[in-house]
Q: 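Structure provided below as structure tokens; questions to follow.
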There are 2 protein chains.
Amino acid sequence: MDNLSASLEDYLEIICNLLETSQSVKAVEIAKKLNISRASVSEALMKLAEKDLIIYEGHKGITITPTGLKKAQEVILKHRTLTTFFENTLGLNNTIAEENACKIEHVISDEVFFRIKTFQEYCEKNKKFIEDFKEGHKNTSHE
Amino acid sequence: MDNLSASLEDYLEIICNLLETSQSVKAVEIAKKLNISRASVSEALMKLAEKDLIIYEGHKGITITPTGLKKAQEVILKHRTLTTFFENTLGLNNTIAEENACKIEHVISDEVFFRIKTFQEYCEKNKKFIEDFKEGHKNTSHE
DNA sequence: ACAAATAGTTAGGTTTACCTTACAATCGAT
DNA sequence: ATCGATTGTAAGGTAAACCTAACTATTTGT
């Protein structure tokens, strides 16, 4: 149960996301999505399978294991919470929010993550406070 | 002016911090601070010197160039702003705040950084809002 | 069923950032 | 000035994550 690298977390996250719309995922879809070579994806998938996070049977496609799903969902929750915080509270646009969430989700600790999550929820309940903050950025870029 | 890796940004940041208390810094101090080998530091310093961010003359010590200083100060500002946000607004303890700032500072974009900075300043002016949030964590760990 | 297209793998290479071990240079105390 | 301690460098090695080129395996269209 050694910790995953940022890179492997990304693969797992994408697999989980792709599995929401199809039964099984193919390596080539990941290669396209990440804009990297099929060879690199192949390597990464073997590592994930080695760690029992996915079941990988070449042309038959990729399936996620319960352990893999749990890990993927943790990363996805971090991703979504950060994106929401950047968009709804800080008032940044979706592209920037996503890009940053995608990087930060791999380095943030659980403590900071949970605190941001709670803070974000607290802010949702205090629209006025946030609206007033965002007012100050109406004329700024990246809205 | 290609972008620095997280690792090289860290070296530059530490050099800049150490230079605040002494005229010139030695490689061995960095090795101790980062808990890595002298050999690795030596390598990294040659890369930074190659990029004209520091002037490195072996036993004579390390000095920072104007370009290096500018870059270092950018990273340090990110570091300090994030730490302050995590501590003062989210109410996390200094250790956790520092650890996370140290990672996030290398991956966050300027847009998100500036927005967090502005938001942090906005929060400073609205103590009540933040105090009320922090009240909810009095019994939680990581205060 | 079989050729072409698509998908996956293997082999060998690169870069980054670390390591250890061994050696060289410098500093500092006597 | 010299010897020992400290500091820095060189050589060679590892691991992760990517690459290309060439190969194999599978799927698909006719």
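Convention: sequence-line order gives letters A, B, ...; per-chain numbering from 1. The shown structure was predicted, so the numbers you read here are calculated from the model rather than taken from an experiment.
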Q: For A:Glu98, check side chain to side chain donor-acceptor pair (under 3.5 Å) against everything at least two apart and list the hits.
A: A:His79
Q: Given side chain to side chain contact (heavy atoms under 4.5 Å, CB included), test B:Leu90 with A:Thr118 step by step and report yes or no.
A: CA-CA 9 Å; B:Leu90 297 187; A:Thr118 316; over 6 Å; no
Q: Between C1' on D:dG8 and CD1 on B:Ile62, what's the gap in Å once rounded to a whole number?
A: 11 Å
Q: List the steps and the verdict of side chain to side chain donor-acceptor pair (under 3.5 Å) for B:Thr81 and B:Gln120.
A: CA-CA 8 Å; B:Thr81 305; B:Gln120 167 58 27; over 6 Å; no
Q: Inspect the contact between B:Lys78 and B:Glu74 and indicate whether a charged nitrogen and a carboxylate oxygen are less than 4.0 angstrom apart.
A: no
Q: Nearest whole Å is fine: how far is C:dT15 P from B:Leu4 CG?
A: 18 Å
Q: Sort me out a list of protein N/O and nucleotides 13-20 of chain D N/O pairs below 3.5 Å, or just none if empty.
A:
residue	atom	partner	partner atom	Å
D:dA17	OP1	A:Ser5	OG	2.2
D:dA17	OP2	A:Lys47	NZ	3.4
D:dC18	OP2	A:Ser7	OG	3.0
D:dC18	OP2	A:Tyr11	OH	3.1
D:dC18	N4	A:Glu43	OE2	3.1
D:dC19	OP1	A:Ser37	N	3.4
D:dC19	OP2	A:Ser37	N	2.9
D:dC19	OP2	A:Ser37	OG	2.9
D:dC19	OP2	A:Ser40	OG	2.6
D:dC19	N4	A:Glu43	OE2	3.3

Q: Find the distance A:Ile30:CD1 to C:dA7:P and express it as a whole number of Å.
A: 13 Å
Q: Rounded to the Å, how far apart are A:Leu45 CG and C:dT10 P?
A: 13 Å
Q: Just how far, in rounded Å, is P of C:dT16 from CE of B:Met46?
A: 15 Å
Q: Not counting sequence neighbours, list each pair that qualifies as a side chain to side chain donor-acceptor pair (under 3.5 Å) and has a residue in residues 28-41 of chain B.
A: B:Ser37-B:Ser40
Q: Would you tell me if any nitrogen or oxygen in the side chain of A:Ser42 comes within less than 4.0 Å of OP1 or OP2 on C:dG8?
A: no
Q: One pair to check against side chain to side chain contact (heavy atoms under 4.5 Å, CB included): A:Tyr56 and A:Leu48. What are the steps and the verdict?
A: CA-CA 9 Å; A:Tyr56 183 43; A:Leu48 287 175; over 6 Å; no
Q: Would you please name every residue forming a side chain to side chain donor-acceptor pair (under 3.5 Å) with B:Asp132, sequence neighbours left out?
A: B:Lys128
Q: Flag the pair A:Lys117 and A:Glu121 as a salt bridge only when some basic side-chain nitrogen lies within less than 4.0 angstrom of an acidic carboxylate oxygen.
A: yes
Q: Any donor and acceptor pair, going by atom type alone, linking the side chain of A:Asn88 with main-chain N or O of A:Glu124 inside 3.5 Å?
A: no
Q: Go through the steps for B:Thr65 and B:Asp52 under the test side chain to side chain donor-acceptor pair (under 3.5 Å), then give the verdict.
A: CA-CA 7 Å; B:Thr65 66; B:Asp52 292 313; over 6 Å; no
Q: Considering just the side-chain nitrogens and oxygens of A:Tyr56, establish if one lies under 4.0 Å of OP1 or OP2 belonging to C:dT9.
A: yes
Q: What pairs of nitrogen or oxygen atoms, one from the protein and one from nucleotides 4-6 of chain D, lie under 3.5 Å apart?
A:
none

Q: Taking five pairs at each end of the helix from C:dA1-D:dT30 to C:dT30-D:dA1, what angle separates the two helix axes (nearest 10°)?
A: 10°
